[in-house]
Number of protein chains: 2
Amino acid sequence: MDATTQQSGRRMGPPGSENWHAMLDGAEAILRDEGHAALTSRRVAEQIGVKQRLVYYYFRTMDELIIETFKRLSERELARLNQARASAKPVREIWDVCIHTTDARLVSQFMALAHRIEGLAKEVVHFVEESRRIQVEALTEAMERAGKTTRVTPAGLALLATSVALALTREGQLGISAGHEDVRVLVDEFLGELGEG
Amino acid sequence: MDATTQQSGRRMGPPGSENWHAMLDGAEAILRDEGHAALTSRRVAEQIGVKQRLVYYYFRTMDELIIETFKRLSERELARLNQARASAKPVREIWDVCIHTTDARLVSQFMALAHRIEGLAKEVVHFVEESRRIQVEALTEAMERAGKTTRVTPAGLALLATSVALALTREGQLGISAGHEDVRVLVDEFLGELGEG
DNA sequence: GTCTATACACCGATAGAC
DNA sequence: GTCTATCGGTGTATAGAC
């Protein structure tokens, strides 16, 4: 039971190899540009110029490919958040990461898929909890440093910020703008009061 | 070109009839419980105990059925919002409608589908803009009545509230709870200050 | 490692009878 | 109004050759 022969006994390609990454790249692009309905083994193969059969050499099922795509994406996102947290203006940079997050379309595709794919839901939960933890730590430290207090706890503030950041990108892509500028101004003011202007 | 013979010339069943509603009911249930992948004409027919062919008597395409399902749902939701707005505690009741909104699963399925189905995206935009308008009007009135001012405009507040309400239900269904109670307390305090405790 | 070939199921949509 | 029957296409996944 090594990297190339997983539980089923069927021969499998090595995770992390060039083709493996290319398939995740393809899956991500298809999901973003065409949506879940177009995410098929044939389409992924076509996207990266290989035969359909090869997809099943690297992934046991399409669900597994989808889960791996999300995992790679969320690990990159968590790395960006940790990097932002270690910067000179951690809260502002974390906000920027959230606002310039992975395309809102991609997020909604994964959210919808998570209903059907249990393993994906588990990964989504893990990502949300980890990113919130990072945000809460950064907020707590920054507020202490600036001697600032708020009506709501750092955890509540993190939830509010994540929610509205996602809404701003999602609605923005749909062409909705009511209230958007007002919220951005509010966030900017708050960051100024934290000394991260 | 009457109700029973639309553009294509193919004979069509009347919108609003018993079967028509039954099909939307079925589509809604399938979307909620099994996700977009299971929403097929055969599955809808099976769900309500008719033959597959009949689905295409009432709807020209599956996309049309999906759009109609969302339209009926969003019209019901707007009616609930308007009713809440006319009550004694409009802002609190609107918040309750948003929190006990249509299953968050259903929302994410429609959001994902809206990428592929242009007509659905149009309906989603209309719904979001209308519901925000109702919320802003209610908030503006209530704040005036209570003589309360906030750092953010009513439009910004409405966007914040909608975003976090959706996040609370979505994350709640996934089993995530960090920061949730804090936000609920904050909202309760705010409603108290509006005289809607 | 990568391929050809293929089994098998299900999908959307339509023709035309009753 | 509702049905039977069906076309043409596409999906997941596997067997086994090179």
Side-chain angles (χ1 to χ4, degrees), chain A residues 2-24 26-27 30-31 34-69 109 113 116-120, chain B residues 2-24 26-27 30-31 34-69 109 113 116-120:
Chain A
D2 62 4
T4 61
T5 58
Q6 306 189 5
Q7 290 95 326
S8 74
R10 202 180 82 198
R11 287 204 315 159
M12 297 285 295
S17 63
E18 197 178 331
N19 269 337
W20 186 89
H21 275 293
M23 286 176 191
L24 298 197
I30 292 165
L31 219 44
E34 306 167 41
H36 58 269
L39 185 57
T40 67
S41 57
R42 291 180 209 276
R43 186 75 193 76
V44 169
E46 183 193 34
Q47 178 85 6
I48 65 170
V50 299
K51 297 293 175 182
Q52 186 238 358
R53 177 63 181 85
L54 207 56
V55 174
Y56 286 94
Y57 176 63
Y58 286 93
F59 303 94
R60 269 197 302 278
T61 63
M62 281 304 289
D63 284 2
E64 188 180 292
L65 185 152
I66 293 168
I67 294 171
E68 292 300 319
T69 304
Q109 298 298 318
L113 286 166
R116 186 172 57 77
I117 308 172
E118 211 174 340
L120 179 57
Chain B
D2 61 2
T4 62
T5 58
Q6 307 190 4
Q7 292 96 325
S8 73
R10 204 179 82 197
R11 289 203 313 159
M12 297 285 295
S17 62
E18 197 178 333
N19 268 339
W20 186 88
H21 275 293
M23 284 175 193
L24 298 197
I30 291 164
L31 219 44
E34 306 167 42
H36 58 268
L39 185 57
T40 66
S41 58
R42 293 177 213 281
R43 186 74 192 77
V44 169
E46 183 193 34
Q47 178 86 7
I48 65 172
V50 300
K51 298 292 173 182
Q52 185 236 359
R53 177 62 181 86
L54 206 56
V55 174
Y56 285 93
Y57 175 64
Y58 286 94
F59 304 93
R60 268 197 303 279
T61 63
M62 281 304 289
D63 284 2
E64 189 181 292
L65 185 151
I66 293 169
I67 294 171
E68 291 300 320
T69 303
Q109 299 297 317
L113 286 166
R116 184 172 59 75
I117 308 171
E118 211 174 339
L120 179 57

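Values below: all heavy atoms of this structure, side chains included; hydrogens, waters and symmetry mates excluded. Small disclaimer: the values here were computed from a predicted structure and weren't measured.
- Going from atom CZ of A:Arg60 over to atom P of D:dT12 covers 17 Å, rounded to whole Å.
- Distances were taken from every side-chain heavy atom of B:Asn19 (C-beta onward) to each of C:dA13, D:dT2, C:dC11; the shortest belongs to D:dT2.
- Put simply, CG on A:Leu39 is 11 Å from P on D:dG11, counting in whole angstrom units.
- Across A:Val55, A:Thr61, A:Leu65, a single residue satisfies side chain to side chain contact (heavy atoms under 4.5 Å, CB included) together with A:Ser41, and that is A:Val55.
- Look at A:Tyr58 and you'll find a side-chain N or O under 4.0 angstrom from OP1 or OP2 of C:dT2.
- B:Tyr57 has its OH atom 21 Å from the P atom of D:dA5, to the nearest Å.
- For a distance-only test at 3.5 Å, the side chain of A:Arg42 fails to qualify as a donor-acceptor partner of the base of D:dT10.
- For B:Arg43 and A:Gly49, each mapped to the nucleotide of DNA chain C holding its nearest heavy atom, the one lying further toward the 5' end belongs to A:Gly49.
- Put simply, CE on A:Met23 is 8 Å from P on C:dT2, counting in whole angstrom units.
- Here the side chain of A:Tyr56 is nearest to one of D:dA13, C:dC3, D:dT2, namely D:dA13.
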Test side-chain contact (heavy atoms from CB on, under 4.5 Å) applied to A:Phe59 and A:Leu24, step by step: CA-CA 10 Å; A:Phe59 303 94; A:Leu24 298 197; 3.7 Å; yes

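- Under the 3.5 Å distance criterion, the side-chain polar atoms of B:Gln109 are matched with a main-chain donor or acceptor of B:His36.
- D:dT4 atom C1' lies 13 Å from atom CG of B:Leu54, rounded to whole Å.
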Chi angles and distances behind the side-chain contact (heavy atoms from CB on, under 4.5 Å) call for B:Gln52, B:Thr40: CA-CA 9 Å; B:Gln52 185 236 359; B:Thr40 66; over 6 Å; no

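- Residue B:Arg53 places its side chain closer to D:dT4 than to any other of D:dT4, D:dA15, C:dT2.
- Between the CD atom of B:Gln52 and the P atom of C:dA13 there is a distance of 10 Å, rounded to whole Å.
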Intermediate values then yes/no, side-chain contact (heavy atoms from CB on, under 4.5 Å), A:Arg43 and A:Glu34: CA-CA 11 Å; A:Arg43 186 75 193 76; A:Glu34 306 167 41; 2.8 Å; yes

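- Rounded to whole Å, the distance from CH2 on A:Trp20 to C1' on C:dT2 is 20 Å.
- As a whole-Å value, the separation of A:Leu65 CG from D:dT12 C1' is 13 Å.
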